[in-house]
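Report on the following structure.
Nothing here was measured: the structure is a model prediction, and the numbers come from that model. These numbers come from the heavy atoms of this one structure, side chains and all, not from hydrogens, waters or symmetry mates.
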Amino acid sequence: AEATIAQTGRAQNHTTGADYPHFKRMMLAQVPGSHRARAARRAFVTLSRQWAKAVEPVGRAKDKYRVAIVGGGSAGVSVASQLLRKLPASERGEIAVIEPRDTHYYMPYWTMVGGLGLDVKDSARPMNMVLPVGVQWIKDRCQTFDPANNRITLGSGQELEYDVLVVAAGLVQHFEKVPGLQETMGKNGVSSIYSFDHSPKVWENIQNTRSGKAIFTNPSTAVNCGGAPQKICYLAECAWRSAGVRPNIDIGFYTATPGIFGCPSYRVELEKIMTEKGIHAHVKMDLVEVNGEEKLATFRSEGGELVSRHFDFLHVTPPMGAPEFVRNSPLANTVGFVDVDKHTCQHKEFPNVFSLGDVSGLPTSKTYSAIASEAPPVVHNVMRVLEGKPEKATAIYDGYTACPILLGQSKLMLAEFNGYSMDAQPSFWPVNQGRGWWPFFLMKRFVFERVYWHFMPLGRWYGKYTIFEPPLQHASAQPADAMMGASRMQQAALKQDVGTASAAAGKSETVAGGAISPEI
């Protein structure tokens, strides 16, 4: 409209002088309202995904896509949206996201639902308003992988081929793996923030508990955000203290891991906080059974001894693991997670397969902060493979992750660290991030959620780099034949050369994630 007005104004000699502003207003008034609305909408869409149109699922998937992304969670959406911004316009319709769910959940919000009484409905948005506009949404589940033939089988039985596969499915919560837990969940004082349905019950149980024994658990498996099991513990303690009943409640934190947090710098500070709050920490204690009627929680100690504890309030973090279709696939390592190189996120045997997020075998904490740092190098490497330059797929993820730990009293410890080395990596120097700070709490309470819904689906959020695309680090380039053209025998030999390291990456499911140690 502006260009047309300027051109018309020059022709009518209105481009200068006092007459031009009036002429411009007159011409703009003649621009159809629908055009003005479209222009405004395009401007707003660059600021928020929620102002763009809904993505409708395809009626039937095509036989082949350039990129197939399994999973419509934060990892899948991040990669899809960033790829859309980098691929040529002619190829943007060649990205398929395979996701059967109708609803997308912002799971970090459930901690505040259970610990602060927020509305759980605010943690959910329709999937069609979160998937980036331009992708092909295949509303079906992935049933099997055939990476040797670049093929996926869907739940409907349809097969589709791909040039590049990105596996970004989430973890599965296994409440059923603790005998008695599923039957008593939501009653008898038992609840969990790891569920859309049960997280509101946590807040209800906190309010109803006025005395007795409160137990919070953390399993030996990988979990979504290794700090969440103790976040809810701190929030409950704060709520009971505010209600004046804290002296009547004995609080115990039972974790199957060797320590309460993986990064030593923050673990020391969190141990001090537990001591100050009068919370008793019990390490190497794995929940193995719950008797809701008797209100007994049974733990197995490191030596195999079974110990039962009475409870009046029980918050359970369930065992978690990769979905069955990943765990039983050729892509999985010995503990069921996608077997990828921890730097390039590229599969160790199938070089046109990548994985990030909770289902990947990356030995770092499974948080959205980690995903935001994993996505840019994955996108870069995918682009190079699509361009036929696999030798340049060398961008690396350095292990950065973060865990915002709610401490109660409107304070939050922003634990930033390297999930590989377990070294602290604070960004807000000279602030001591080993302490709780109210500005960090405000970020968690009011900023992170909005960033997630509005910027992440646009591919415009990069974690600690905010809206600025981070500079990528690169590994030394590998020969092209090692990346794409090597025979299976050569690839097997290459894997054997790293023998011990590969085996250590997946020794047992009890060391496959979250807040454990670098050896995971």
Distance check, rounded to the nearest 0.5 Å: E324 atom CD versus Q143 atom CD?
10.0 Å
L131/N128 under side chain to side chain contact (heavy atoms under 4.5 Å, CB included): CA gap, chis, key distance, verdict:
CA-CA 6 Å; L131 292 175; N128 61 9; over 6 Å; no
Would you find a donor on one side and an acceptor on the other, under 3.5 Å apart, between the side chain of Q158 and the backbone of A61?
yes
Would you mind reporting whether S355 and V359 have side-chain heavy atoms less than 4.5 Å apart?
yes
Between I193 and G114, which heavy-atom pair has the shortest distance, and what is it?
CG2-CA, 4.2 Å
Test the K342-Y397 pair against the cation-pi criterion, namely NZ or CZ under 6.0 angstrom from the six-membered ring centroid and within 45° of the ring axis.
no
Once the angle between the rings of H282 and Y254 is folded into 0 to 90°, is it parallel (under 30°), tilted (30 to 60°) or perpendicular (over 60°)?
parallel
Any salt bridge between K272 and E276, counting N to O under 4.0 Å?
no
So does K366 pair up with D358, basic N to acidic O under 4.0 Å?
no
Where the side chain of R267 meets the backbone of F261, is there a donor-acceptor pair that is under 3.5 Å apart?
yes
Are the side chains of L165 and F354 in contact, using a 4.5 Å heavy-atom criterion?
no
If you measure only the distance, is there a donor-acceptor pair under 3.5 Å linking the side chains of E416 and Y400?
yes
Look at atom CD of E302 and say whether more than 12 heavy atoms of other residues, nucleotides or ligands are closer to it than 6.0 Å.
no
Checking T255 against N218: is there a side-chain donor and acceptor pair closer than 3.5 Å?
yes
Given Q230 and I260, is the side chain to side chain contact (heavy atoms under 4.5 Å, CB included) satisfied, shown in steps?
CA-CA 8 Å; Q230 59 185 294; I260 64 171; 4.1 Å; yes
Please check this pair: side chain of E99 against backbone of R101, looking for a donor-acceptor N/O pair closer than 3.5 Å.
yes
Could you pull out the closest heavy-atom pair between R435 and W437, with the gap in Å?
O-CD1, 3.2 Å
Can you tell me how far CD1 of I69 sits from CH2 of W137, rounded to the nearest 0.5 angstrom?
14.5 Å
Between the SG atom in C233 and the CZ atom in F216, the distance rounded to the nearest 0.5 Å is 4.5 Å
K444/E449 salt bridge by N-O under 4.0 Å criterion
no
Determine the minimum heavy-atom distance between S78 and I371, stating which atoms define it.
OG-CG2, 4.3 Å
Could you go through D286 and R300, starting from their C-alpha distance and side-chain angles, then the distance that decides it, and tell me whether this counts as salt bridge (charged side-chain N to carboxylate O under 4.0 Å, His left out)?
CA-CA 5 Å; D286 197 10; R300 180 181 288 112; 5.6 Å; no
Do you know the tightest heavy-atom contact between A322 and L171?
N-CD2, 4.3 Å
For V77, does its backbone N or O pair with a side-chain atom of S81 as donor and acceptor, under 3.5 Å?
yes
Check whether more than 12 heavy atoms from other residues, nucleotides or ligands sit under 6.0 Å from atom CD of Q207, and answer yes or no.
yes
Start with the C-alpha gap between F299 and K284, add the side-chain angles, then the distance that decides, and say whether side chain to side chain contact (heavy atoms under 4.5 Å, CB included) holds.
CA-CA 9 Å; F299 298 87; K284 301 179 182 179; over 6 Å; no
NZ/K277 to CD1/I251 distance, rounded to the nearest 0.5 angstrom?
9.0 Å
State, with a plain yes or no, whether a side-chain heavy atom of C345 is found less than 4.5 Å away from one of P377.
no
Any luck finding a side-chain donor-acceptor pair between N418 and D398 under 3.5 Å?
no
Would a 4.5 Å heavy-atom cut-off, applied to side chains only, mark V202 and I232 as touching?
yes
Between K139 and M127, is there a side-chain heavy-atom distance shorter than 4.5 Å?
no
Under 4.5 Å between any side-chain heavy atoms of V283 and P258, yes or no?
no
Just by distance, do the side chain of H347 and the backbone of L331 share a donor-acceptor pair under 3.5 Å?
yes
Looking only at heavy atoms, which two atoms of A96 and I138 are closest? And how far apart?
CB-CD1, 3.8 Å
So, does Y194 use its side chain to make a donor-acceptor pair with the main chain of N224 at under 3.5 Å?
yes
When you compare the side chain of V70 with that of F145, does any pair of heavy atoms fall below 4.5 Å?
yes
Tell me, yes or no, whether the heavy-atom count around R445 atom CZ, taken from other residues, nucleotides or ligands under 6.0 Å, exceeds 12.
yes
As a quick check of understanding, evaluate side chain to side chain donor-acceptor pair (under 3.5 Å) for T317 and T217, giving each step before the final call.
CA-CA 6 Å; T317 301; T217 74; 4.8 Å; no
Derivation and outcome, side chain to side chain contact (heavy atoms under 4.5 Å, CB included), residues V67 and L83
CA-CA 9 Å; V67 182; L83 275 174; 4.0 Å; yes
Ring of W453, cation from R450 - is the NZ or CZ under 6.0 Å from the centre and inside 45° of the axis?
no
Kindly assign one of parallel, tilted or perpendicular to the pair Y452 and Y106, based on the angle between their ring planes and the thresholds 30° and 60°.
tilted
Between R85 (side chain) and G459 (backbone), is there a donor-acceptor pair under 3.5 Å?
yes
Does a side-chain heavy-atom distance below 4.5 Å link F253 with I215?
no
Using atom types as modelled and distance alone, determine if a side-chain donor or acceptor of R92 lies under 3.5 Å from a backbone N or O of L84.
yes
So, the side chain of N333 versus the backbone of F337: is there a donor-acceptor pair under 3.5 Å, distance only?
yes
Cation-pi check, K411 to F440: give yes when NZ or CZ is under 6.0 Å from the six-membered ring centre and within 45° of the ring axis, no otherwise.
no
Using a 3.5 Å distance criterion without hydrogens, assess whether the side chain of N208 forms a donor-acceptor pair with backbone atoms of E204.
yes
Ignoring hydrogens and angles, state whether a donor on the side chain of T401 or T367 is under 3.5 Å from an acceptor on the partner side chain.
yes
Q136: partners by side-chain hydrogen bond (donor to acceptor under 3.5 Å, both in side chains), with sequence neighbours left out
none
W461 versus T466, side-chain donor and acceptor atoms under 3.5 Å
no
For V113 and S199 the tightest heavy-atom approach is CG1-OG, 3.7 Å
To the nearest 0.5 Å, atom OG1 of T221 lies from atom CD of Q173 at 9.5 Å
Can you tell me how far apart CD (E176) and CG (L181) are? Round to the nearest 0.5 Å.
9.5 Å
